[in-house]
Amino acid sequence: MSKGISIFLIVILLATTFGMTAKQTANKNPYYSHTDNTALNVSDAQWKKILPKGVYEIMREKGTESAYTGAYWDNHKEGTYYCAACGRPLFSSSTKFDSHTGWPSFYEPLTKNSVLNETDNSFGMQRTEVLCARCKGHLGHVFDDGPAPTHQRYCMNSAALDFEPK
């Protein structure tokens, strides 16, 4: 097998594992809504039945996709980013910027109530974890090295997001 074909197959495998979104599983996800802001209290066992494996691993087990492999790190289309688990509106493409990290990055959430921040002391460092305010799913982390006006970098996992073009 040629090197080009091997790389192509690896990219397809990664996209299949981590690129599945809630849109692809919306028929079996009764919690997915772009308009319902009611806080969810769904067990991890139930989320495991509903979410694709890669989405579950990132959002419920606080995983991280590899840099430059997610569906949205290089997305330049106008639109809105939603939680892949529950459909809550999270970020606007107008606040997305190229952080050169390989993950989709935003300088602010869509609203103050879109996300929650929690202290994360994993891996021997202190960071700020970003969660969906509706379903408490892990989205990524926020750092203080973003552009003006907020100087924040919401570094998100593509697998934790759905995107709808404008």
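These figures come from a predicted structure and were not determined experimentally.
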- Query: Is the centre of the Trp73 ring less than 6.0 Å from the centre of the Tyr68 ring?
  - Reply: yes
- Query: Can you find a heavy atom in the side chain of Lys62 that is under 4.5 Å from one in the side chain of Asp120?
  - Reply: no
- Item | Point-to-point distance, once rounded to the nearest 0.5 Å, from NZ of Lys77 to CD of Glu164 | 12.5 Å
- Query: Between CZ of Arg60 and SG of Cys135, what distance do you get to the nearest 0.5 Å?
  - Reply: 5.5 Å
- Please list, chain by chain and in numerical order, all residues satisfying ring-ring contact (aromatic ring centres under 6.0 Å, His included) with Tyr81, sequence neighbours excluded. Tyr72, Phe106, Phe163
- dist Thr64:OG1 -> Ile58:CD1 (nearest 0.5 Å) comes out at 7.0 Å
- Is there a path of hydrophobic side-chain contacts, each under 4.5 Å between heavy atoms of I, L, V, M, F, W or Y residues, that connects Leu161 with Trp47? yes
- Item | Common cluster, Leu40/Ile50, ILVMFWY with side-chain heavy-atom separation under 4.5 Å | yes
- Message: Are Tyr154 and Leu110 connected into the same hydrophobic cluster when the rule is that any two of I, L, V, M, F, W, Y join if their side-chain heavy atoms are below 4.5 Å apart?
- Response: no
- Item | Mutual orientation of the aromatic rings belonging to His138 and His141 [parallel < 30°, tilted 30-60°, perpendicular > 60°] | perpendicular
- Query: Just wondering, do Cys83 and Met59 contact through their side chains at under 4.5 Å, heavy atoms?
  - Reply: yes
- Message: Measuring from atom CH2 of Trp103 to atom CG of Asp74, what distance do you get when rounded to the nearest 0.5 angstrom?
- Response: 14.5 Å
- Kindly compute the distance separating CG (Asn75) from OG (Ser93), expressed to the nearest 0.5 Å. 8.0 Å
- For the side chain of Thr150 and the backbone of Tyr107, is there at least one donor-acceptor N/O pair under 3.5 Å apart? yes
- Distance from Cys86 atom SG to Arg134 atom CZ, nearest 0.5 Å? 5.0 Å
- Query: Closest approach of Leu90 and Ser114, non-hydrogen atoms and distance?
  - Reply: CD2-O, 3.5 Å
- Query: If every non-hydrogen atom of Val55 is compared with every non-hydrogen atom of Ala84, which pair is closest and at what distance?
  - Reply: CG1-CB, 4.3 Å
- Query: Looking at side-chain heavy atoms only, is the closest gap between Met156 and Phe91 below 4.5 Å?
  - Reply: yes
- Item | Test item: Arg127 and Ser122 side chains (from C-beta on) under 4.5 Å apart, heavy atoms | yes
- Query: Given the rule in the side-chain contact (heavy atoms from CB on, under 4.5 Å) test, do Thr80 and His34 qualify, once you have shown the distances and angles that lead to the verdict?
  - Reply: CA-CA 10 Å; Thr80 303; His34 288 182; over 6 Å; no
- Query: Hey, are the side chains of Asn117 and Glu129 touching, using non-hydrogen atoms and a 4.5 Å cut-off?
  - Reply: no
- Message: Working note: Asn37 + Arg88, criterion side chain to side chain donor-acceptor pair (under 3.5 Å); need CA distance, chi angles, decisive distance, verdict.
- Response: CA-CA 7 Å; Asn37 289 322; Arg88 183 179 182 93; 3.1 Å; yes
- Message: Hydrophobic cluster membership, with links at side-chain heavy-atom distances under 4.5 Å among I/L/V/M/F/W/Y: are Val115 and Tyr31 in one?
- Response: yes
- Query: Under a single-linkage definition using a 4.5 Å side-chain heavy-atom cutoff for Ile, Leu, Val, Met, Phe, Trp and Tyr, are Leu139 and Val42 assigned to the same hydrophobic cluster?
  - Reply: yes
